[in-house]
Protein chains: 2
Amino acid sequence: MNDAKPRGRPPSTAAREKALAAAHAILMEEGFGRLTVEAVAARSGVGKATLYRNWTNACELAMAALIDGVPLVQAGGETGLKAALTAQMQALVKAFATTRGRQIAMTLAAADPESEMTRAFRNRVILSSREAGRNLILEAARRGEIPPPLDIDTLLDMAYGPVFYRILAGHQPLNAAFAERLAENAVTILTAPRP
Amino acid sequence: MNDAKPRGRPPSTAAREKALAAAHAILMEEGFGRLTVEAVAARSGVGKATLYRNWTNACELAMAALIDGVPLVQAGGETGLKAALTAQMQALVKAFATTRGRQIAMTLAAADPESEMTRAFRNRVILSSREAGRNLILEAARRGEIPPPLDIDTLLDMAYGPVFYRILAGHQPLNAAFAERLAENAVTILTAPRP
DNA sequence: TAATTACGATACGTTTCGTTTCGAAATGAG
DNA sequence: CTCATTTCGAAACGAAACGTATCGTAATTA
């Protein structure tokens, strides 16, 4: 084990938090294009050197800020698959219908696909929101409300993917009615008799 | 009318074509992140001033370079909704499971939503491919194969959205099995009895 | 108290941006 | 043909952001 106490001044969590808060604010107020390391330094009062000590570039700083700032979409307490899934989709749409969804898409597009931070970002923003939906479905199957689902991943893609698709393409609005339709159709797939 | 002949040296279509070809090559070889105006100028031999005369920034240059190569997904000749829709989804996945497809998605994510070029790009990439799917569904309904669909837009989102979602999020592969599942589930929604 | 480590501030050279300037090339008008 | 006009490619420019390095200071352990 390496449990020797470090010797000098400890790294400042306060500095990191100030930096992430400033980065998130810049993302929401001015957008990804304006998120520069220098802007975060100026707004947060944290030195550039410290920023580069903690993150390799502005894009990773953006991902770190979004990881903290993205609400964990987790609706609970509903009874029945359809109600639970509808609540889940409502929460997802509400969380991403703002500028946040667009900034997440831009950040993902700009991120280095190989980067470790990108993997963490995907896990947090994409995969973890899927888990809530996956659990709703598995619980409904355990209750016998639906037959055992065949391909949950594709089903989750069909529920979550359209939200990002509308963010990306902008051909239709993201609203509560849309969320409800997605949940309805997902339930239709899950309850349909299989050949 | 304003059909007076222009007086000086005519704008060079050759320069534009060289620039677009260079931009396209850079996109395919190095990705959207490396597409800078200076890189296009260096590779094409076209002056930066000429590039800025024709496009406002690197992103619009990327859209212009990609828009001509966007695959028009249009599968035809199949009989029955399920076969036709499966062929359509196979074609879509095949077209976008390429380097070009990924760059198209990245460019869409990075584009300024207000820009005129972005509108044209979206029309080409998003709307035109949706029309093929929409027609398949409407024809099936006309044949009486399915009841009149309620909300084709959301259904198309659930078929097409997951493809772009997987490109952007990269959590699962784009392959033929995925395309088939999307088509199957879409047909399930379309044929399900309604309350 | 001394050694160590991170901090904020600041300066630096580099890169990319988008603009501007320049002489050469290409066209229509006279 | 000659001139005016317009675009061309090349190059230089200032501004902005990059990523690095240096500095004196603050915080912590030995």
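We name chains A, B, ... by the order of the sequence lines, and we start the count at 1 in each one.
- Nearest-nucleotide assignment on DNA chain C puts the 5′-proximal partner with B:Ala58, out of B:Pro10 and B:Ala58.
- Listed for the A:Tyr160 side chain is a donor-acceptor partner under 3.5 Å among the backbone atoms of A:Ser129.
- Counting only distance, with no hydrogens or angles, the side chain of B:Gln103 and the backbone of B:Met28 share no donor-acceptor pair below 3.5 Å.
- With B:Arg122 contributing its side chain and A:Ala169 its backbone, the two residues share a donor-acceptor pair below 3.5 Å.
- A cation-pi arrangement is absent between B:Arg102 and B:Phe96, since the terminal nitrogen or guanidinium carbon is not both under 6.0 Å from the aromatic centre and inside a 45° cone about the axis.
- Listed for the A:Thr86 side chain is a donor-acceptor partner under 3.5 Å among the backbone atoms of A:Lys82.
- Place A:Asn57 and B:Arg7 on DNA chain D by their nearest nucleotides, and B:Arg7 ends up nearer the 5' end.
- Reading DNA chain C from its 5' end, the first and the last nucleotide to sit under 4.0 Å from a heavy atom of chain B are C:dT16 to C:dA29.
- Looking at A:Arg181, its side chain never comes within 3.5 Å of a backbone N or O of B:Thr154 through a donor-acceptor pair.
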Indicate every side-chain donor-acceptor pair of residues 31-39 of chain A with a distance under 3.5 Å to a residue at least two apart or in another chain.
unit_1  : atom_1 : unit_2  : atom_2 : d
A:Thr36 : OG1    : A:Ala39 : N      : 2.9
A:Glu38 : OE2    : A:Lys48 : NZ     : 2.7

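- The stretch residues 28-55 of chain A touches DNA chain D through A:Thr36, A:Val37, A:Glu38, A:Lys48, A:Ala49, A:Tyr52, each having a heavy atom within less than 4.0 Å of the strand.
- Of the possible donor and acceptor atoms, none in the side chain of B:Thr107 sits under 3.5 Å from a partner among the backbone N and O of B:Ala62.
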